Amino acid sequence: FTAYIRDPEHAPVPEDIEKRRMDLYRELMFNNVENFLSTSFPVLRRISSEQYWTDLVQDFFSRHRCKTPYFSEIPEEFLEYLQNERGEREEDFPFLLELAHYEWVELALALAADEQPGPARIHFSQAALKYKYRVSELAWPLVYRFPVHQISNSCKPAQIPDQPTYLVVYRNPEDDVKFLDINVVTYRFLQMLDANEDKTAEDCLMDLSKELRQLHGHEILEYGTELLEKLWVRRIVRRAG
């Protein structure tokens with residue numbers, strides 16, 4: 001029964017059920033999954049042709065074995081299929097997996113049970129660097145080969161750009177999912193905050209200065225103060241402890 005629903009081209013109709021009824025079950029189930037994937041990956045759906053999208057969803061529908069009964073977790077299953085089962089195909093976008101991951105992150109943050117505290121509009125000074133900070137559970141620093149946040153019908157890069165794309169996708173206090181286009185310095189700073197629980201923001205900045213050899217002394221502290229305030233007001237970082 002389920003083999004036919006998954007893949008009617010390669011599975012026989014159950015002998016004790018009318019084909020017309022089986023095709024109705026098949027259509028209803030496939031359309032439910034297709035509709036949910038279209039909603040969850042709107043950019044990927046929009047830039048795909050009808051035939052490509054239908055074939056992609058059909059391949060997922062017939063081959064992947066979901067481990068969840070919840071529709072809200074199907075996007076993660078689709079991502080697993082792209083990562084581990086689909087393999088490289090000539091007809092696929094070179095950024096297929098990265099774009100799908102980016103859109104899944106947006107959905108995952110929108111559905112996350114964590115709550116953000118209210119906005120904090122305060123003036124930062126270098127004294128704020130003396131505290132320890134962590135990246136919020138509702139902020140995900142990400143790095144991609146392709147500029148996934150720019151992909152559209154008019155922007156479908158065929159080659160990997162010379163520079164990677166660094167982003168933070170986060171949910172703000174109003175529960176809107178946003179992204180911040182960042183550089184490698186900010187990305188490493190956020191990594192250091194999470195990887196060094198015993199260090200203050202100032203400690204992490206000084207380590208960053210030694211690592212990147214771009215800013216020194218008072219320059220890195222001035223830069224870090226402005227950066228920390230930008231991250232704080234968006235609730236990308238929080239005070240530790």
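Since we're looking at a predicted model, the values are computed, not measured.
- A donor-acceptor pair shorter than 3.5 Å cannot be found between the side chains of Glu229 and Thr225.
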Check the pair Glu50 / Arg45 against salt bridge (charged side-chain N to carboxylate O under 4.0 Å, His left out), numbers first and verdict last.
CA-CA 9 Å; Glu50 289 290 339; Arg45 175 65 188 93; 2.8 Å; yes
Determine, stepwise, if the pair Leu142 / Phe179 fulfils side-chain contact (heavy atoms from CB on, under 4.5 Å).
CA-CA 10 Å; Leu142 303 164; Phe179 74 86; over 6 Å; no
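- Look at Arg89 and Asp55 and you find no salt bridge, because none of the NZ, NE, NH1 or NH2 atoms lies under 4.0 Å from a carboxylate O.
- Ser72 has its side chain within reach of Leu111: a pair of non-hydrogen atoms, C-beta onward, lies under 4.5 Å apart.
- Taking SG from Cys66 and CZ from Phe71, the interatomic distance works out to 9.5 Å, rounded to the nearest 0.5 Å.
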Test Leu231 against Tyr133 for side-chain contact (heavy atoms from CB on, under 4.5 Å), laying out the working first.
CA-CA 11 Å; Leu231 299 172; Tyr133 297 84; over 6 Å; no
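- Using a 4.5 Å cut-off on side-chain heavy atoms (C-beta onward), Gln191 and Pro141 make no contact.
- Glu18 CD: more than 12 foreign heavy atoms inside a 6.0 Å radius.
- Judged by distance alone, with hydrogens and angles left aside, the side-chain atoms of Arg234 form no donor-acceptor pair with the main-chain N or O of Leu180 at under 3.5 Å.
- A single hydrophobic cluster is seen to contain both Val143 and Met192, as judged by linkage of ILVMFWY side chains at heavy-atom distances under 4.5 Å, directly or through other members.
- Hydrophobic clustering (ILVMFWY, side-chain heavy atoms < 4.5 Å, transitive): Tyr131 and Leu221 are in one cluster.
- For the 3.5 Å distance criterion, the side chains of Glu85 and His64 qualify, holding a donor opposite an acceptor.
- At a threshold of 4.5 Å between side-chain heavy atoms, the hydrophobic network of Ile, Leu, Val, Met, Phe, Trp and Tyr places Met29 and Tyr4 in one connected group.
- Atoms OG1 and CD, on Thr165 and Glu98 in that order, are 8.0 Å from each other to the nearest 0.5 Å.
- Side-chain atoms of Ser209 do not come within 3.5 Å of backbone N or O of Leu205 as any donor-acceptor pair.
- Checked by atom type and distance alone, the side chain of Asp194 pairs as donor or acceptor with a backbone atom of Val135 at under 3.5 Å.
- Between Phe30 and Phe61, the ring-plane angle classifies as perpendicular under the 30° and 60° cut-offs.
- For the salt bridge (charged side-chain N to carboxylate O under 4.0 Å, His left out) test with Asp23, the passing option among Arg20, Lys19, Arg21 is Lys19; the others fail.
- Counting non-hydrogen atoms of neighbouring residues, nucleotides and ligands closer than 6.0 angstrom, the OH atom of Tyr25 reaches no more than 12 such neighbours.
- Residue Glu91 qualifies as enclosed at atom CD: its count of foreign heavy atoms under 6.0 Å is above 12.
- Not one N or O on the side chain of Arg171 forms a donor-acceptor pair closer than 3.5 Å with the backbone of Leu138.
- Between Phe93 and Tyr52, the ring center distance clears the sub-6.0 Å criterion.
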In sequence, state the C-alpha distance, the side-chain angles, and the governing distance for Leu167 and Tyr144, and then conclude on side-chain contact (heavy atoms from CB on, under 4.5 Å).
CA-CA 8 Å; Leu167 302 170; Tyr144 296 107; 4.3 Å; yes
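- Using the six-membered ring where Trp is involved, Phe78 and Phe60 have ring planes that are perpendicular, over 60° apart on the 30 and 60° scheme.
- A side-chain N or O of Thr186 and one of Asn183 form a donor-acceptor pair less than 3.5 Å apart.
- Salt-bridge check for Arg86 with Glu80: failed, with every basic side-chain N at 4.0 Å or more from each acidic carboxylate O.
- Side-chain atoms of Asp207 never come within 3.5 Å of backbone atoms of Cys204 as a donor-acceptor pair (strictly under, hydrogens ignored).
- Hydrophobic cluster membership differs between Leu107 and Tyr102, with clusters built from Ile, Leu, Val, Met, Phe, Trp and Tyr side chains linked at under 4.5 angstrom.
- Between Glu202 and Lys130 a salt bridge is recorded (basic side-chain N to carboxylate O distance below 4.0 Å).
- Cluster membership for Met206 and Val237, using ILVMFWY side-chain heavy atoms within less than 4.5 angstrom, is shared.
- Ile236 is listed as a side-chain neighbour of Leu190, based on a closest heavy-atom distance under 4.5 Å.
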Dump the intermediate steps for side-chain contact (heavy atoms from CB on, under 4.5 Å) on Asp203 and Leu129, then the final yes or no.
CA-CA 8 Å; Asp203 294 332; Leu129 301 180; over 6 Å; no
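- Atom CG in Leu37 sits 9.0 Å away from atom CG in Leu44 (nearest 0.5 Å).
- Here the OG1 atom belonging to Thr200 is positioned 9.5 Å from the CG atom belonging to Leu193, to the nearest 0.5 angstrom.
- Under a 3.5 Å cut-off, the side chain of Arg134 and the backbone N or O of Arg239 do not form any donor-acceptor pair.
- The aromatic rings of Trp104 and Trp140 sit tilted relative to each other, their planes meeting at an angle between 30° and 60°.
- Taking CH2 of Trp232 as the reference point, atom CZ of Arg238 lies at 10.0 Å (rounded to 0.5 Å).
- For the atom pair CZ (Arg145) and CD1 (Ile160), the distance works out to 4.0 Å, reported to the nearest 0.5 Å.
- Counting only distance, with no hydrogens or angles, the side chain of Asp176 and the backbone of Asn172 share no donor-acceptor pair below 3.5 Å.
- The backbone N or O of Arg63 sits nowhere less than 3.5 Å from a side-chain atom of Arg6 that would complete a donor-acceptor pair.
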